[in-house]
Amino acid sequence: DWRSACILANCFSCRNFNLIVIYVIIMNLIFLGPPGVGKGTQANLICNKYDLLHLSTGDILRLEISRKTEIGSFAKSFIDKGELVPDETLLKMMNNRLNQDDALNGYLLDGFPRTIEQAKGLDLIMKKIDHKIECVISLLADEDELVSRLLKRGLTSGRSDESIEIIRHRQQIYWNQTSPLLNYYEDIDLLMNVNGVGEINDINNEIIKIVNQYA
Ligand code: C5P
Ligand code: MG
């Protein structure tokens, strides 16, 4: 892995009496935005480019459901209705996840936190393990665009929460419960806004410009 590569590079360079200093910047990013705005698509691209661990809480929950675990069966009833799974469950799940070794090299949180309570809990979890958030990228698009994207995705995604009523409800939940996070992160100077309407590549380039400030 790249850590061993850095150590090796340093050893070789010492033998040759050259000093190579390799800076390793570990980035932890958050993607915020309403359902359908392209968090997952952009997160995949960014995680490949910067070698970050992609942590999509929606995907993690759906995996728990398919494995019929305790968390999965508890979460299913909320997900099917388009409601948020209680903060306590998400925080416990993410506390476990972020304490695993593969979270040491930088990660991108996609779909978490979703409430102020989750954001505060995340702050505590990260403080305990000495991690910090580099930046929070908010993607936005107007609701009609998002609803039509999700209806289209629903034709093939096999997701239980992509009927028109549930899609609309999830948009409402974003504005009621998640959008206060925009102010929360703006107040601590972490928020960066990106327009979520346009070509995937153009949006990706906008995000890269922002992330490069930290990389
Ligand atoms: O992020 P995604 O849209 O895939 O999430 C799907 C569903 O998972 C949400 O509508 C919600 O029911 C649940 N979820 C949650 N809390 C999170 C992330 C996802 O309740 N932090
Ligand atoms: Mg997603």
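Numbering starts at 1 and runs along the sequence shown. Just follow the structure's listing: the first ligand is 1, and inside any ligand the first atom is 1.
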- Message: Which residue is it: Leu45, Ile203, Ile46? I am looking for the one with a side chain to side chain contact (heavy atoms under 4.5 Å, CB included) to Ile208.
- Response: Ile46

- Message: Between Glu64 and Arg62, does any side-chain N to carboxylate O distance fall below 4.0 Å?
- Response: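 Looking at Glu64 and Arg62, the cut-off is not met.
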
- Message: Taking Glu117 first and then Lys120, would you say they form a salt bridge - that is, a charged N and a carboxylate O separated by under 4.0 Å?
- Response: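 No, this pair does not count.
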
- Note the single closest protein heavy atom to atom 2 (P) of ligand 1, along with its residue, its atom name and the distance in Å. Arg114 NH2, 3.3 Å

- List the closest protein heavy-atom neighbour of atom 10 (O) of ligand 1: residue, atom name, distance to the nearest 0.1 Å.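 Answer, as residue, atom name and distance: Arg170 NE, 3.8 Å.
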
Number the atoms of ligand 1 from 1 as they appear, then name those within less than 4.0 Å of a heavy atom of [X], with their elements.
| X | result |
| --- | --- |
| Val85 | 15 (C), 20 (O) |
| Gln118 | 21 (N) |
| Arg62 | 4 (O), 6 (C) |
| Leu84 | 15 (C), 20 (O) |

- With a 4.0 Å cut-off on heavy atoms, does Arg159 reach ligand 1? yes

May I ask you to identify, for [X], whether its side chain, its backbone, both or neither come under 4.0 Å of ligand 1 on a heavy-atom basis?
| X | result |
| --- | --- |
| Glu162 | neither |
| Glu83 | backbone |
| Leu90 | side chain |
| Leu61 | side chain |

- Can a donor-acceptor pair be found between the side chains of Glu162 and Ser157 at a distance below 3.5 Å? yes

- Scan side-chain atoms only and decide if Asn212 and Tyr50 contain a donor-acceptor pair under the 3.5 Å cut-off.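 Side chains of Asn212 and Tyr50: pair found under 3.5 Å.
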
- Applying side-chain hydrogen bond (donor to acceptor under 3.5 Å, both in side chains) to Lys209 and not counting sequence neighbours gives Glu206

- Task: Would you indicate whether Glu70, at its atom CD, is surrounded by more than 12 heavy atoms from other residues, nucleotides or ligands within a distance under 6.0 Å?
- Result: no

- Query: Counting heavy atoms not belonging to Ile200, are there more than 12 under 6.0 Å from its CD1?
  - Reply: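 No - once you tally the heavy atoms of other residues, nucleotides and ligands closer than 6.0 Å, there are 12 at most.
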
- Query: ligand 1 and Gly111, any nitrogen or oxygen pair closer than 3.5 angstrom?
  - Reply: yes

